[in-house]
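Taking it in order: structure first as structure tokens, then the write-up.
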Amino acid sequence: MREFAQLLIAGLSTGAIYASLALALVLIYQSTEVVNFAQGEMAMFSTFIAWELIDKGMPFWAAFALTLALAFFGGVTIERVIIRPVEKASVLTIVIVTVGLLLIFNNLAGGIWGFQLKTFPSPFPSGTWQVSGVVISQQSVGVFGVALLVMALLAVFFRFTALGLAMRATAMNREPAELMGIHTTWMLALGWGLAAVVGATAGVLVAPIVFLDPNMMQGLLLFAFAGATLGGFESPGGAVLGGLLVGVAQAMIGNYVSFIGTDLSLTVAMAIIVLVLVFKPTGLFGQAAARRV
Amino acid sequence: MLEIRDLVAAYGPVTALRGVNVRVPQGTTVTILGANGAGKSTILRAVSGLLKPTHGSIQLDGERIDRKSAASIVRRGISLVPEGRQLFTALTVEQNLRLGAFTRSDRRGVREDLLRVYDYFPRLRERMKQPAGSLSGGEQQMLAIGRALMAHPRLLLLDEPSTGLAPFLVRDIFQIVSTINREQGTTVLLVEQNATLSLSIADYGYVIETGRVVIEAPAHELRENEAVRKAYLGY
Amino acid sequence: MGGIWQRAHVPSLAWLGVALLLIIFPPWLAGGYRIFQFTFVVIYLIAILGLNIVTGYNGQFSLGHGAFFAVGAYVTGALMFHAGAPYWATIPLAGLTAGVVGFLFAIPALRLSGLYLALATLALAISVPQILKKWESVTGGVQGLVLTKPHSPIGALTSDQWLFYFTAVVALALYIAAWVVLRSSVGRAFVAIRDNEVAAEAAGIPIARFKTLAFGMSAFYAGVAGSLSAFVVAYVAPDSFDFLLSLNLVVGMVVGGTGTIVGPALGAVFIEFLPSYSQDVSRAAPGVVEGVVLVLFMYLMPTGVAGFVATAGRKALSLVRRRTADHAAAGPVTPTLADQEPRAGPGEGG
């Protein structure tokens with residue numbers, strides 16, 4: 001039982017990171033119907049920027065904030081400059097463009113910062129708490145807290161602010177959104193900016209755990225995809241829950257199913273993606289009615 | 001107030017308008033009548049900036065708006081109630097109305113307008129927390145009009161508000177449009193197939209066929225016109 | 001909408017001639033490593049040809065063909081390493097195994113369209129190295145399997161030269177096979193499904209059968225390519241089959257042009273030689289260039305180089321024709337990705 005609780009906590013903590021990245025994917029998908037295959041690499045690139053800033057002597061949280069600002073600006077710019085010209089093209093064209101971005105960011109990071117692993121400082125103390133025998137690392141609580149905070153802020157933004165509402169309206173139905181006086185093209189760019197911010201948060205949170213290198217996000221992106229698919233690409237709340245579930249499942253399976261262990265974690269993620277897509281393509285929380293055809 | 005000159009517009013290779021002239025003077029209600037596919041809706045799409053005309057001009061108070069974006073045209077005081085209502089069905093009634101006021105920063109004015117819309121359409125007040133998709137057809141039309149009013153437009157464009165509604169509801173809605181025109185001085189441009197009702201609240205009317213204006217006259221004259229009676233009034 | 005996709009017509013004799021010339025000359029002109037590179041051009045050509053069958057001709061998007069490539073490579077690797085099988089004898093089995101895996105994967109994938117299929121295949125590609133590492137008794141785990149490089153049976157040829165000819169002959173055979181299949185009623189069914197699945201179904205084409213067939217056939221090609229790569233390199237290891245391989249194949253297909261039969265050759269040259277030239281700049285340069293090329297191609301030449309040349313040629317031709325004769329020449333239209341599966345614009349929903 002104690003072991004179970006411990007695994008649950010560890011799973012929720014990594015799950016929160018998957019959840020943020022899944023949320024980033026869903027945010028872009030909802031507003032533009034684009035699955036951004038470069039989402040993970042954009043997050044990785046942001047994390048390298050944070051590393052560079054910290055390495056140059058900036059305090060952690062200041063570097064974090066600056067990185068988020070840069071990520072936002074970068075996301076908006078990418079949408080306006082690179083995605084806009086193919087916005088009305090076929091799905092495949094856009095997929096190829098985002099795959100192109102993936103290659104660019106991956107290798108650009110390698111070219112600038114090198115392909116070897118780097119340690120990334122953790123903002124959280126390395127100590128642990130003991131709660132009735134269960135060891136809880138302060139690191140995982142911190143990661144969970146920050147990820148949750150970011151997601152809560154987003155939820156408030158989309159629910160209660162005029163801008164958030166305008167973004168949702170644009171995602172739902174673009175023409176009447178324009179009739180409301182909303183500059184819809186900017187809303188799409190804003191969506192990319194926010195997704196980049198959420199992705200960068202995930203990157204900075206995960207970097208102390210998995211080390212920093214240009215390929216760090218490939219596995220993570222797969223888990224995030226699994227979370228987003230599980231929750232449903234149409235549902236931001238579902239994506240968050242899906243991400244958490246994937247994190248917990250990974251921790252449990254890694255410990256209790258010795259054949260799979262941690263060696264086949266990516267394979268489990270693939271299986272989740274394929275099974276959900278085949279048996280419940282809308283995910284656990286997406287409604288079929290909300291699907292746009 | 002609104003001056004459409006020699007408007008030509010097309011959807012891809014299909015020409016929908018072939019040189020249309022329409023004038024909408026300040027404070028009046030003008031109606032455009034015509035059969036399905038005559039090009040009525042195209043005029044409103046062009047005025048509201050959803051469709052860029054291939055030729056001709058559209059002026060609002062002397063300023064050309066035919067090359068402006070839909071969003072900037074709303075800011076100039078023109079609101080469209082689109083065909084088929086086009087609500088944000090997953091959002092609540094109140095959220096839809098708030099989106100209508102997206103361009104405005106005068107919080108007090110917005111609150112007053114919200115109350116006024118609820119006064120015009122008490123049903124919307126009862127259902128303000130419900131998703132727009134759960135409303136009945138008539139309520140959805142009310143919401144679409146209310147949403148357009150929230151931008152506090154000087155010119156209100158209505159595209160076939162009677163579509164799919166029971167006759168008594170249509171009467172109510174036209175009644176309210178007429179009230180808005182009278183009380184608030186909002187200029188109205190109304191596109192309809194239902195000629196009887198629209199001529200009853202309009203000051204002036206145009207009849208268009210296959211992308212051209214074929215008759216224009218004050219509304220009371222159109223009601224008497226033999227050809228219009230035969231074709232659109234059905235008696 | 002997608003009706004302008006048509007089968008690329010191939011001036012067959014001319015291309016066969018070009019292929020023969022390419023096959024005869026390189027080994028004598030180039031030194032050891034160059035031959036090895038040319039051999040890999042041929043291997044990539046086969047894999048891209050396979051990808052092109054399922055994506056270009058059948059409209060199913062795969063970001064994971066590296067996985068089938070890996071299956072082929074490991075079947076050959078395992079048979080040679082554990083059973084001492086002769087390299088040439090492993091090829092059919094490698095191809096068939098990959099084909100069957102592809103076919104089986106295609107059954108659940110039938111329910112996935114566009115974006116989701118891309119996602120599922122990408123997931124497959126990312127997880128393959130892990131599976132290979134795990135199944136250590138057969139695959140040799142992280143270490144991989146070291147194979148003996150095939151010797152040349154002809155005294156006048158070095159081993160590398162022999163392997164070039166060997167792969168080239170295999171490629172030629174597969175090329176001709178693809179050409180025959182794609183020109184047959186099967187190929188027409190593939191294209192009909194790509195252009196309009198609903199219409200194809202209404203016309204009585206069994207969609208599921210042809211989509212799984214296209215996927216299986218495509219995976220077979222990738223598997224044969226993987227098999228060839230295994231003994232040409234004389235080594236198989238999990239990390240050579242990461243998902244960047246899959247992305248490379250996509251790059252090759254896009255550069256060459258989807259839905260054409262000449263394109264894969266151009267794409268294969270591109271993905272083989274780009275790294276060796278741009279690597280001098282930095283290790284990261286090839287990837288950056290590939291990424292930029294992908295994006296730029298989508299903007300400028302969505303039909304790929306082959307399509308671009310064909311379109312330009314046709315334009316010039318029709319200009320001439322218009323001047324001489326007065327009848328409009330409606331030549332075959334080059335397929336573009338942009339024509340495929342137009343997205344529901346965000347404004348059309350609700």
Side-chain angles (χ1 to χ4, degrees), chain A residues 26-27 29-33 80 84 87-89 154-191 231-239 282-283 285-293, chain B residues 41 44-45 47-52 68-105 107 110 129 131-134 140 143-153 156-159:
Chain A
V26 168
L27 280 183
Y29 182 76
Q30 272 213 316
S31 55
T32 56
E33 295 200 339
R80 302 280 324 185
R84 178 66 42 84
E87 194 184 42
K88 292 199 167 67
L154 271 182
V156 168
F157 172 77
F158 279 110
R159 201 162 285 255
F160 298 111
T161 69
L163 202 57
L165 219 56
M167 285 181 68
R168 287 169 72 193
T170 305
M172 274 176 228
N173 205 344
R174 195 146 160 203
E175 200 171 278
E178 283 192 17
L179 290 174
M180 302 299 103
I182 298 165
H183 290 287
T184 54
T185 53
W186 276 106
M187 295 301 122
L188 303 185
L190 202 57
F233 265 91
E234 305 279 353
S235 153
T282 50
F285 306 100
Q287 309 126 319
R291 273 185 78 94
R292 283 166 292 175
V293 183
Chain B
S41 295
L44 295 193
R45 289 180 68 81
V47 172
S48 58
L50 294 176
L51 181 76
K52 298 282 170 274
K68 302 267 190 269
S69 73
S72 67
I73 288 174
V74 179
R75 286 182 170 75
R76 285 173 168 74
I78 299 183
S79 276
L80 170 68
V81 181
E83 194 177 6
R85 336 220 210 280
Q86 303 274 28
L87 298 172
F88 304 110
T89 48
L91 300 181
T92 64
V93 168
E94 183 149 4
Q95 284 173 326
N96 269 277
L97 291 174
R98 291 211 171 277
L99 277 168
F102 181 74
T103 53
R104 300 171 63 183
S105 50
R107 279 165 174 264
V110 171
K129 296 290 176 210
S134 71
Q140 290 200 1
L143 179 54
I145 296 172
R147 188 179 64 175
L149 288 176
M150 288 302 293
H152 205 81
L156 183 66
L157 311 175
L158 293 139
D159 196 349

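In what follows, chains are A, B, ... by sequence order, proteins preceding strands, each numbered from 1. Hydrogens, waters and symmetry mates are skipped; everything else that's a heavy atom, side chains included, is used.
- When every heavy atom of A/G181 is checked against every heavy atom of B/F102, the shortest pair comes out as O-CD2, 3.9 Å.
- The minimum heavy-atom distance between A/M172 and B/F88, with the atom names listed, is SD-CB, 4.0 Å.
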Extract the chain A to chain B donor-acceptor pairs under 3.5 Å, no hydrogen or angle test applied.
unit_1	atom_1	unit_2	atom_2	d
A/N173	ND2	B/Q86	OE1	3.1
A/E175	OE1	B/R45	NH2	3.1
A/E175	OE2	B/R45	NH1	2.9
A/G181	O	B/R75	NH1	2.8
A/G181	O	B/R75	NH2	3.2
A/H183	NE2	B/R75	NH1	3.4

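- The nearest pair of heavy atoms linking A/A169 to B/L99 is CB-CD1, 3.5 Å.
- Proximity to chain A (any heavy atom under 4.5 Å) is shown, for B/A151, by neither the backbone nor the side chain.
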